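Presented below is the structure to which this report refers.
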Amino acid sequence: MCLITFLLFIYTIYYYYKYSKRKNPLPGPLPLPFIGNLYQLGFLKEDKKISNKFIQELFSNYGDIFETYSFNERIIWINRIDLAEKFLYVNNMKSTNSIINDEKLEYNYFHLRNKNEIKELKINEMGIYHNREYSSWKFHRNVLIKCVTLPKFLKEIVMELQEQFKELENYWNDIESVDSYSNNHDSIQNGSSKKENGSTNNKFINNNDDVDKMIKIIDISKWINCFTLDIFLQSITREKSFSMANYFNQIMKDENKLKGIEPILDKSDLFINKFKNSLWLSNQLNSKLIGLPKFFNNFFLVYKLYYRKYFNDYWLFHESLLKIVQARRSEISKFPKEQDLKADALTSFINYGTKNDEGRALTDDEVVFMMKDLIGEGIGTISNTFSYIIYYMCRYPKIKYRMMEEIDSLNNNNNHQTDTFTYFILAKLYYCEAVIKEVSRIYPVHPLTSRILNEKENIGGYTWDIGQMVYINLHAIHNHKFNWKNPEEFDPERFLYLEEKKEEEKELNEKDFIENSFFRKEYKDPLYTFGIGLRSCPAKDLAMIILKTMVVMFLRNYDVILMDKNTKPQINYNNMLNNCEELNVKIRPRNKY
Ligand code: HEM
C-alpha cells in the first residue's frame with residue numbers, strides 16, 4: 001500500500017513537472033493525473049448533466065484560445081473565428097454543399113481514436129460522419145447531397161411533414177385542456193398579431209371561456225422529438241416507428257383514448273431501443289473516450305463487457321436495417337417505371353447510380369450506413385433546433401407574431417390553416433429564416449466541432465504538431481464580440497440583409513431555388529451552425545426546408561407561450577448536441593375562436 005502511494009506520489013510530481021514544461025503553454029484549468037480535466041468537463045459524471053454551459057464558462061474564464069486534457073490527450077480550444085481560419089480554408093475556396101472533387105482534405109479530416117471499436121463498427125470506412133477513408137467518404141457524401149436535393153425527394157418530404165403534423169395535431173386534440181389559464185407574462189392572442197398604435201400588442205385580455213378550454217400544456221421538446229423520429233424513420237426505413245403514438249399513450253390518463261396497436265408498438269419499441277443503444281455507442285466513441293490510453297481499449301475487460309450489450313444492439317439494428325434494404329430493393333426491381341416510385345430517402349439511396357452512368361450504385365451495406373448517418377445526424381439536430389426556435393419565439397412574442405404575419409401572408413385563402421403547400425413557397429419566408437438563423441447563432445445545437453491537424457500549423461501564435469486535436473467552439477464564435485454587434489441580443493434583423501435579394505430571386509427557376517435560396521451562401525457574418533469546412537453538414541438545405549415547414553405548420557395553426565415566465569429548456573449536452581430534454585409550453589389553436 002505504502003509502495004503504491006509512494007509511486008502515485010512520484011508519478012504526480014513527474015506529471016506536473018512535464019505539464020509545467022509543455023510546449024506552447026496556454027491558459028486552461030489544471031488537469032489531474034490520469035483523467036486530465038474530464039471530471040471538470042463533466043464527461044465522467046453519471047447524471048450527464050453537463051455542460052455546454054461549463055464549456056462556455058471555460059471560454060469566459062480562459063479567453064479565445066485555451067487548453068484542456070481528455071485523459072492525457074491535450075485539446076486546444078479555439079473560440080474566435082480568425083484563429084480558426086485555417087479550418088475555413090476549403091470553405092472559402094468553394095461551397096461546401098457542392099459535389100466534392102478535391103483530393104486535399106486539409107484540416108478537415110478528423111480522425112477518431114479508439115480505432116479498435118471503430119473498426120469493429122466499420123464506421124471508419126463506411127458512411128459519412130465517422131468515415132476516415134477519403135474515397136469512400138467522398139462517394140457517400142456526394143450520394144447524400146444528390147439524394148437530399150432531388151426536387152422529387154424535397155417535394156415528398158414536405159408533403160410527408162404536413163401529413164405527419166396532422167397526426168401530431170390529432171394527439172394534441174385529445175390531450176386534456178387547461179381549465180383556467182393565468183395570463184402572467186405573454187399571452188395567447190386570437191389570430192395573428194394585433195396592432196395597437198402601430199406596434200404589436202403582446203398584452204392579451206382573454207375573457208372567452210371557450211378559448212381557455214382549448215389551451216393545452218405540452219412538453220414541446222418531447223413531442224417534436226417523437227415527430228422528427230417518426231418522419232425520419234419513415235423516410236429512411238419506410239416503417240412507421242409510432243413514437244408519437246407511444247408517447248401519447250405514456251402521458252394519457254384516460255384509457256379510452258389510448259392509440260396504436262400493441263404488437264406494432266412493442267416491435268417499434270425494440271427497434272427504437274436498439275437504435276438508441278447504437279447511437280449511444282457512437283457517442284461514447286465519438287467524444288467520451290478521446291484520449292483513453294490504448295491499454296484500456298485492448299485489455300480492460302470490464303470496460304469491454306460493459307459495452308458488449310451496446311455492440312450487440314448495434315449489429316442487431318444493422319441487421320434490421322439490412323433486411324429493410326433488401327426487401328425494398330426487391331420491390332423496386334419489380335416496379336416497371338421509376339417515376340412511379342416514392343422518393344423517400346431509402347428509395348433514393350437504393351436507386352442512386354442505377355439509372356445513370358455517372359455513379360455506381362450503393363451496396364446494401366452502404367445503404368445501411370447511409371441510413372444510420374441520416375438517423376444519427378438528422379433527428380437530434382432538427383428536433384432540438386425546433387425546440388429552441390419555440391423557446392425564443394415565446395421569449396420574444398413580437399418576433400413570434402411577425403413570423404405569423406409572414407406565414408399568413410403566404411396565402412390569402414381564408415381556409416389557409418388546412419391547405420397543403422409545396423417547398424417552393426418556403427423560400428419566401430425571409431423573416432422566419434432570419435429567426436431560425438438567429439436561434440442557431442445564439443444557441444447552436446451542435447456547439448463544438450473537432451479536427452486533428454494533419455500538417456504542422458501556426459494557430460494563435462504557436463506552432464502545433466501534426467496530430468494535435470483542436471476543438472472549434474462554434475457557440476463561442478457565434479457569441480463573440482469580435483464578429484457580432486451586441487451578440488447577447490436576440491435580434492433576427494441582423495440576418496435581414498437577405499431581403500435585398502428578394503427581387504432577384506423572383507427570377508430564379510426551381511433548381512436555383514434549392515441551391516440558392518433555402519440556405520443562402522453569401523454570409524456577411526460567420527454563422528457556422530452547420531459546421532466548418534469540407535466536413536460541414538451536407539444536408540443544410542434539407543435541414544432548413546424541414547425546419548421552415550415545421551415552423552409554418554406550427555405557427556399557422558397554433559399560438560404558444562412558455563408554461564410560465566421562468567420556464568427554461570432543460571438541456572443535456574450529449575452526442576455532440578445540446579439536447580433539449582424538456583420545454584413545457586401552453587399552446588392554443590389559432591383558428592378556433
Ligand atoms: C438543424 C439541423 C442540422 C444541424 C444544425 C447540423 C449540423 C451539423 C454540423 C455542425 C456538422 C459538422 C460536424 C463536425 O464538423 O464535426 C454536421 C455534419 C453532418 N450532418 Fe448535419 N446538421 C443538421 C441536420 C442534418 C440532417 C437533416 C442530416 C441528414 C439528413 C445531416 C447529416 C450530416 C452528416 C452526414 C454530417 C457529416 C458530414 C461529414 O463528415 O462529411 N445533418 N451537421
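Because the structure is a prediction, the values reported are computed rather than measured. Indexing begins at 1, ligand by ligand and atom by atom, following the structure's order.
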Is there an N/O/S atom in Cys537 at a distance below 2.8 Å from atom 21 (Fe) of ligand 1?
yes
Among side-chain atoms of Asp373 and His130, is any donor-acceptor pair under 3.5 angstrom?
no
Honestly, is Arg360 close enough over Phe139, meaning NZ or CZ under 6.0 Å from the six-membered ring centre and within 45° of the axis?
yes
Is any N or O atom of Asp373, backbone or side chain, closer than 3.5 Å to an N or O atom of ligand 1?
no
Numbered atoms and elements of ligand 1 in range of Gly531, under 4.0 angstrom, heavy atoms
10 (C)
Distance filter under 4.0 Å to Thr449 heavy atoms, resulting ligand 1 atoms:
14 (C), 15 (O), 16 (O)
Go through it in stages, so that I can follow the logic: the residues are Glu377 and Lys372, the test is salt bridge (Lys or Arg N to Asp or Glu O under 4.0 Å), and I'd like the CA-CA distance, side-chain angles, deciding distance and then a yes or no.
CA-CA 8 Å; Glu377 295 310 301; Lys372 284 198 270 195; over 6 Å; no
Ignoring hydrogens, what is the shortest heavy-atom contact between Ser348 and Cys147? Give both atom names and the distance.
O-SG, 3.6 Å
Within the distance-only criterion (no hydrogens, no angle test), does the side chain of Lys400 pair as donor or acceptor with the backbone N or O of Cys394 below 3.5 angstrom?
no
Give me the ring orientation class for Tyr134 and Trp137: parallel if the planes are under 30° apart, tilted from 30 to 60°, perpendicular past 60°.
tilted
Asp344 versus Thr347, side-chain donor and acceptor atoms under 3.5 Å
yes
Give the single entry among Asn384, Thr529, Ile546, Asn131 that approaches atom 7 (C) of ligand 1 most closely by any heavy atom.
Thr529
Would you give the length of the straight line joining atom CD1 of Ile546 to atom OG of Ser383, rounded to the nearest 0.5 angstrom?
11.0 Å
Apply side chain to side chain donor-acceptor pair (under 3.5 Å) to the pair Thr529 and Arg441, showing each step before the final yes or no.
CA-CA 7 Å; Thr529 312; Arg441 178 193 70 80; over 6 Å; no
Against Trp77, only a single residue in Asn473, Asp64, Thr68 fulfils side-chain hydrogen bond (donor to acceptor under 3.5 Å, both in side chains); can you say which?
Thr68
Suppose I only count heavy atoms of Ala543 and a 4.0 Å limit; which atoms of ligand 1 are within that range?
2 (C), 24 (C)
Consider ligand 1: state whether an atom of it lies below 4.0 angstrom from any non-hydrogen atom of Trp137.
yes
For atom 23 (C) of ligand 1, which of the options Ile389, Leu448, Thr381 provides the nearest non-hydrogen atom?
Thr381
Do any heavy atoms of Arg451 fall under 4.0 Å from ligand 1?
yes
For Pro538, the ligand 1 atoms with a heavy-atom partner under 4.0 Å come out as 19 (C), 20 (N), 33 (C), 34 (C), 35 (C), 36 (C), 38 (C)
For ligand 1 and Ser536, I'd like to know whether there is a polar contact (N/O to N/O, distance under 3.5 Å).
no
Does some non-hydrogen atom of Val148 fall short of 4.0 Å from ligand 1?
no
Numbered atoms of ligand 1 (with element) below 4.0 Å of Ala539, judged on heavy atoms
26 (C), 28 (C), 29 (C), 30 (C), 31 (C)
Closer than 4.0 Å to some heavy atom of Thr385 - which atoms of ligand 1 meet that?
1 (C)
Atom indices of ligand 1 within 4.0 angstrom of Gly378 heavy atoms, with elements
26 (C), 27 (C), 28 (C)
Within the 4.0 Å heavy-atom cut-off, what Arg535 brings close to ligand 1 is both
Run the ring-centre check on Tyr443 versus His478 and record whether the distance is less than 6.0 Å.
no
At under 4.0 Å between heavy atoms, which part of Arg141 makes contact with ligand 1: side chain, backbone, both or neither?
side chain
Under 4.0 Å from one or more heavy atoms of Val445, ligand 1 contributes atoms 5 (C)
